[in-house]
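All values reported here derive from a predicted model rather than from experimental measurement. One-based numbering along the sequence shown.
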Amino acid sequence: METQETFPRIISVDDHTVEPPHVWRDRLPSRYRDTGPRIVRAPLKEMTFLGGKFAPVMGAKGDDGPIGDWWVYEDLHRPLTRLDTAVGYDRDEIRLEVITYEQMRPGSFSVPDRLADMDVNHVQSALCFPTFPRFCGQTFTEASDRELGLLCVRAYNDWMVEEWCGPEAQGRLIPLTLIPLWDPELAAAEVRRNAARGVRAVAFSEIPPHLGLPSVHTDHWDPFFRACDETGTVIAMHIGSSSRMPSTSADAPPAVGSTITFANCCFSMVDWLMSGKFERFPNLRIMYAEGQIGWIPYILERADVVWEENRAWGGVADKVTRPPSELFAGHVFGCFFDDAFGLRNLDAIGAANVLYETDYPHSDSTWPKSKEVGEAQMGHLSPDVVERIVRGNAVDLLGLSPEGLWRP
């Protein structure tokens, strides 16, 4: 195992940005100034997070209650919360509460401060998922005005590429863009528009039917998949990108869902392996952010058994012509930030299919000790394997420079 001094500089494939207030204000036509996403400071009336469902209610000006900054968009009112940006706080101090921009760590939304926090954490480069749009842009899909929704998606992508990942980021922030989920042809066009300026990652839903959209078993998404296949754009799916976090009951506390967050990734991966899409689109690659990896060996074993013994009646014989484990090896990447069990079983997953992440600035983040966590959990692995997991696989998958930087 490499010494602490030579542990590879981390390329995190799952961090998050908290969008600054100006993202849409500065990029939407003036006619949408009162309906597009904007920040309003207001009190909290009530807020619950049970059964995997987050339910905040914004109070009126002058009402009692803690004050927070809220994104307002059409009829949506979504507050900034401590869970959005929890790094720097003691674990026992992290509660479900509303906050303002002044109460969050500046690295959540400021590029120079983010780079400084990355330096503290031995992180060279980072791919960041959104906050207000949610993990694959569901916010804009659920809105009523499709024209405005498309403008919002494009405005976010322009901000992501030109500002968040712009010159100030020095190539250390890697762009992840959104698509208009309601139209696969528009989605394909947006993939190609961003690929033309060097973007190699796009967010998508782990389980689209949870959003009222067709599944990956249909041909509905083929224009989008084809665009990703032809441009080398990886499809990145974050836990919760189906707007439904795993839970067991309507009254289950958040700790239940937090323990089983990997479940959506598990279900989603089986969907993809049994869909036939990897054989139709041979260059397609997908990754599961924050899904961890310890569950993967059993699923691959079980999927191979089902394919081998039950494919005749299981509805996949005509479209899945190779064992699912082979498809996984060529097309699927699991991402983790704290999974000692998965690393002990790396041979059953494949070192080439695993990526490292830090989840900054969320409450699960290993910041500022991501290097120490990695050293402790990868101590039994050879230096070349550690190098692949911590940065090499990400360089290849995301089309980064040999130094691990994004170059448009």
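Scanning for side chain to side chain contact (heavy atoms under 4.5 Å, CB included) contacts around Val395 gives Ile11, Leu400, with sequence neighbours left out. Annotation: side chain to side chain contact (heavy atoms under 4.5 Å, CB included) contacts of Pro66 (sequence neighbours excluded): Leu44, Val98. Looking at residues two or more places apart in sequence or on another chain, you find no salt bridge (charged side-chain N to carboxylate O under 4.0 Å, His left out) involving Asp229. Residues forming a salt bridge (charged side-chain N to carboxylate O under 4.0 Å, His left out) with Asp359 (at least two apart in sequence, or on another chain): none.
No side-chain N or O of Arg105 forms a donor-acceptor pair with one of Thr85 less than 3.5 Å apart. A donor-acceptor pair shorter than 3.5 Å cannot be found between the side chains of Asp219 and His217. In this structure, a donor-acceptor pair under 3.5 Å is absent between the side chains of Ser370 and Thr358. Inspection of the Gln377 and Asp339 side chains reveals no N or O donor paired with an N or O acceptor under 3.5 Å. Looking only at atom types and distance, the side chain of Asn121 has no donor-acceptor partner in the side chain of Tyr360 under 3.5 Å away. For the residue pair Glu163 / His22, a side-chain donor-acceptor distance below 3.5 Å is found, with atom types taken as modelled.
A side-chain hydrogen bond (donor to acceptor under 3.5 Å, both in side chains) check over residues 172-187, counting only residues at least two apart or in different chains, returns the pairs Asp119-Arg172. Applying the side-chain hydrogen bond (donor to acceptor under 3.5 Å, both in side chains) definition to pairs two or more places apart or across chains, those involving residues 388-403 are Gln124-Arg391, Arg388-Asn393, Arg388-Asp396, Ser401-Glu403.
A distance of 13.5 Å separates CE of Met58 from CZ of Arg41, quoted to the nearest 0.5 Å. In this structure, Ile296 CD1 and Ile349 CD1 are separated by 5.0 Å, a value rounded to the nearest 0.5 Å. Between the CG atom in Leu127 and the CG atom in Leu355 there is a gap of 10.0 Å [rounded to 0.5 Å].
Under the 3.5 Å distance criterion, the side-chain polar atoms of Thr233 are left unmatched by any main-chain donor or acceptor of Cys228. Put simply, the side chain of Arg200 gets close to the backbone of Ala195: a donor and an acceptor are under 3.5 Å apart. Counting only distance, with no hydrogens or angles, the side chain of Trp307 and the backbone of Val320 share a donor-acceptor pair below 3.5 Å. Here the side chain of Glu97 pairs no donor or acceptor atom with the backbone of Arg82 at under 3.5 angstrom. Between the side chain of Asp69 and the backbone N or O of Leu80, no donor-acceptor pair lies under 3.5 Å. Although no hydrogens or angles enter the test, the distance criterion places no donor-acceptor pair under 3.5 Å between the side chain of Arg192 and the main chain of Ala187. Here the side chain of Glu375 pairs no donor or acceptor atom with the backbone of Phe7 at under 3.5 angstrom. Judged by distance alone, the side chain of Ser268 and the main-chain N or O of Asn264 form no donor-acceptor pair under 3.5 Å. Side-chain atoms of Asp113 never come within 3.5 Å of backbone atoms of Phe109 as a donor-acceptor pair (strictly under, hydrogens ignored). Glu206 places no side-chain N or O within 3.5 Å of a backbone atom of Met237 that could act as its donor or acceptor partner.
In this structure, Phe341 and Gln292 have side chains that are not in contact, with every pair of non-hydrogen atoms separated by 4.5 Å or more. Here the side chains of Arg78 and Thr131 are in contact, with some heavy-atom distance below 4.5 Å. Lys277 places a side-chain heavy atom less than 4.5 Å from the side chain of Asp222. Annotation: side chain of Ser205 is not in contact with side chain of Leu213 (no heavy-atom distance under 4.5 Å). Side-chain contact between Trp272 and Leu327: absent, with no pair of heavy atoms (C-beta onward) separated by less than 4.5 Å. For the pair Trp295/Met269, a side-chain contact is recorded, criterion being any heavy-atom separation below 4.5 Å from C-beta on. Looking at Leu115 and Pro112, their side chains never come closer than 4.5 Å, going by heavy atoms from C-beta outward. The shortest side-chain heavy-atom distance between Val386 and Pro8 falls under the 4.5 Å cut-off.
Around atom CG of Asp90, more than 12 heavy atoms belonging to other residues, nucleotides or ligands sit under 6.0 Å away. Surrounding CZ of Phe281 are more than 12 heavy atoms belonging to other residues, nucleotides or ligands, all under 6.0 Å away. The local environment of NZ in Lys45 is sparse, with at most 12 non-hydrogen atoms from other residues, nucleotides or ligands closer than 6.0 Å. Annotation for Asp347: atom CG does not count as buried by contact number, only 12 or fewer foreign heavy atoms lying within 6.0 Å.
Note on ring orientation: taking the six-membered ring where Trp is involved, the planes of Tyr156 and Trp24 are parallel (angle under 30°, cut-offs 30° and 60°). The aromatic rings of His362 and His238 stand perpendicular to each other, their planes meeting at an angle above 60°, with 30° marking the opposite boundary.
Of all heavy-atom pairs between Phe129 and Asp14, the closest is CD1-OD1, 3.5 Å.
Taking the six-membered ring for Trp and the full ring otherwise, Tyr73 and Phe140 have centroids separated by under 6.0 Å.
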Candidate pair Glu190 and Arg154, rule salt bridge (Lys or Arg N to Asp or Glu O under 4.0 Å), full reasoning
CA-CA 8 Å; Glu190 191 62 14; Arg154 290 174 173 167; 3.6 Å; yes
For Tyr356 and Phe337, what are the C-alpha separation, side-chain angles and deciding distance, and is it a ring-ring contact (aromatic ring centres under 6.0 Å, His included)?
CA-CA 6 Å; Tyr356 199 38; Phe337 58 79; 8.8 Å; no
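Salt bridge present: Glu162 and Arg197 bring a charged side-chain N and a carboxylate O closer than 4.0 Å. The pair Asp158-Arg193 counts as a salt bridge, with a side-chain nitrogen and a carboxylate oxygen less than 4.0 angstrom apart. Under a 4.0 Å N-O distance rule, the pair Glu147/Arg31 qualifies as a salt bridge.
Geometric assessment of Arg280 against the ring of Phe225 yields a negative cation-pi assignment under the 6.0 Å and 45° thresholds.
Residue Pro361 forms a side-chain contact (heavy atoms from CB on, under 4.5 Å) with just one option from Thr17, Val87, Asp84, Asp15, and that option is Val87.
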